[in-house]
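So the structure is just underneath, and the comments pick up after that.
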Amino acid sequence: VHPNVSQGCQGGCATCSDYNGCLSCKPRLFFVLERIGMKQIGVCLSSCPSGYYGTRYPDINKCAKCKADCDTCFTRNFCTKCKSGFYLYSGKCLEKCPDGLEANNHTMECTSIVHCETSEWSPWSPCMKKGKTCGFKRGNEVRVREIVQHPSARGSPCPATTESRKCIVQRKRCQKEGKGKKNREEKRKKSNKDESKETRQESKGRAARRQNREQRENNNNDNNNKTQPKKRKAPNKEQDLAPADTAH
């Protein structure tokens, strides 16, 4: 063993020196050179740092550098993440994506172009006008569809999801309070109830008016009896003339 080589190393080193750091690593650890200032020292790590990939050999496991445009890699020819300004495609870092692909600035990858997809049209709605289905002859009917796949940046945009067309129907009247036998029965009961209530009110009114009229008539009769002077009884002319006729 060289005098500058030590067997009692720290940090996973199998052999080391004071000047160069680790010279070899313990089993399953990776040897990598790290630059500190103007010199490089050897270190032993359980996995390779970013920008390096690991290779295993019978005598030593080493960390080798990725390509310059690659941030992380699996091997030297297969990148897993690119540096800024490059897009990942099939393990390579490209400045521009191939035809038929688009650059995804969020993942920094070349991805397939996705076009918009929609569902089938729904059936046409009933003919309507101003939210009603009665009281008109010409109206509009509508159908809709849903977006099932939104497009990517370079994909075909989505078409309209609503269609409208004019329609003609046979005019029919709108029933304000609903329709059907039940509603007609309720309406008739309500009408009869209202009429009975009005009849009772009218009867009470007539009775009150009749009572007031009779009271006024009684008051007028009393007043007339008080103000009219008593008539003097006329003398009986036959009685006054009878003694004179007898004397002759």
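All values below were derived from every heavy atom in this structure, side-chain atoms included, with hydrogens, water molecules and symmetry-related copies excluded. Small disclaimer: the values here were computed from a predicted structure and weren't measured.
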| query | Looking only at heavy atoms, which two atoms of Gly135 and Arg171 are closest? And how far apart? | reply | O-NH1, 3.5 Å

| Can you check side-chain contact (heavy atoms from CB on, under 4.5 Å) on Glu102 and Thr111, steps first, answer last? | CA-CA 6 Å; Glu102 65 179 1; Thr111 57; 3.9 Å; yes

| request: With the side chain counted from C-beta on, respond yes when Leu33 and Ile41 share a heavy-atom pair under 4.5 Å apart, and no when they do not. | output: no

| task | Classify the side-chain pair Tyr87/Asn104 by whether it contains a donor and acceptor separated by less than 3.5 Å. | result | no

| query | Counting only N and O atoms by type, is there a donor-acceptor contact under 3.5 Å from the side chain of Arg154 to the main-chain atoms of Leu101? | reply | yes

| task | May I ask you to test the Ser17-Leu23 pair for a side-chain heavy-atom distance under 4.5 Å? | result | yes

| field | Crowding at CG, Asp59 (>12 non-hydrogen neighbours, <6.0 Å) | value | yes

| note | Between Tyr53 and Phe74 the two heavy atoms that sit nearest each other are CB-O, 3.6 Å

| field | Audit row: Glu146, Thr118, side-chain hydrogen bond (donor to acceptor under 3.5 Å, both in side chains) steps and yes/no | value | CA-CA 6 Å; Glu146 296 181 352; Thr118 59; over 6 Å; no

| task | Could you tell me whether Lys62 atom NZ has more than 12 heavy atoms of other residues or ligands within 6.0 Å of it? | result | no

| field | Point-to-point distance, once rounded to the nearest 0.5 Å, from NZ of Lys172 to CZ of Phe136 | value | 8.5 Å

| Hey, is Cys79 close enough to Cys73 that the SGs sit under 2.5 Å? | no

| task | Give the cluster check for Met108 versus Leu94: same hydrophobic cluster or not, with ILVMFWY residues linked at side-chain heavy-atom distances below 4.5 Å. | result | no

| request: Carefully, step by step, assess Gln149 and Ile147 under the rule side-chain contact (heavy atoms from CB on, under 4.5 Å). | output: CA-CA 6 Å; Gln149 175 63 62; Ile147 296 174; 5.8 Å; no

| request: Looking only at non-hydrogen atoms, find the nearest pair between Trp121 and Ala160 and report the distance. | output: CH2-O, 3.8 Å

| said: Looking at His115 and Gly155, would you say the former's side chain and the latter's main chain have a donor-acceptor pair under 3.5 Å? | reply: no

| task | Would you check if Cys116 and Pro157 make a side-chain contact, meaning some heavy-atom pair closer than 4.5 Å? | result | no

| Can Thr72 and Ser50 be counted as having a side-chain donor-acceptor contact under 3.5 angstrom? | no

| Note, Pro98 side chain near Cys110 side chain (heavy atom, < 4.5 Å) | yes

| said: Assess the residue pair Cys167 and Cys127 against the criterion (disulfide bond (SG atoms under 2.5 Å apart)); give the C-alpha distance rounded to whole Å, side-chain angles, the decisive distance to 0.1 Å, and a yes or no. | reply: CA-CA 6 Å; Cys167 52; Cys127 195; 1.9 Å; yes

| Less than 2.5 Å separating the SG atoms of Cys25 and Cys44? | yes

| task | Determine, using the 4.5 Å side-chain heavy-atom cutoff (strictly less than), whether Val43 and Tyr52 are members of one ILVMFWY cluster. | result | yes

| task | Tell me, yes or no, whether the heavy-atom count around Lys26 atom NZ, taken from other residues, nucleotides or ligands under 6.0 Å, exceeds 12. | result | no

| query | Under the 6.0 Å and 45° cation-pi test, does Lys92 pair with Phe78? | reply | no

| task | Find out if a path of hydrophobic residues (ILVMFWY) with successive side-chain heavy-atom gaps under 4.5 Å connects Tyr89 to Ile113. | result | no

| query | Should the SG of Cys82 and the SG of Cys93 be checked, would they turn out to be under 2.5 Å apart? | reply | yes

| query | Does atom CZ of Arg28 have more than 12 heavy-atom neighbours from other groups under 6.0 Å away? | reply | no

| query | Going by the side chain to side chain donor-acceptor pair (under 3.5 Å) test, which pairs reach into residues 157-166, not counting sequence neighbours? | reply | Glu141-Arg165, Arg143-Glu163

| note | For Val114 and His150 the tightest heavy-atom approach is CG1-O, 3.8 Å

| remark: Closest non-hydrogen contact found for Lys81 with Leu88 is N-CD2, 4.3 Å

| field | Remaining members of hydrophobic cluster (4.5 Å side-chain criterion), Val144 | value | Val142

| field | Closest heavy-atom pair and its distance - Lys65, Arg76 | value | O-NH1, 3.4 Å

| side-chain contact (heavy atoms from CB on, under 4.5 Å) between Ser46 and Leu29: does it pass, once the steps are laid out? | CA-CA 5 Å; Ser46 58; Leu29 297 181; 4.3 Å; yes

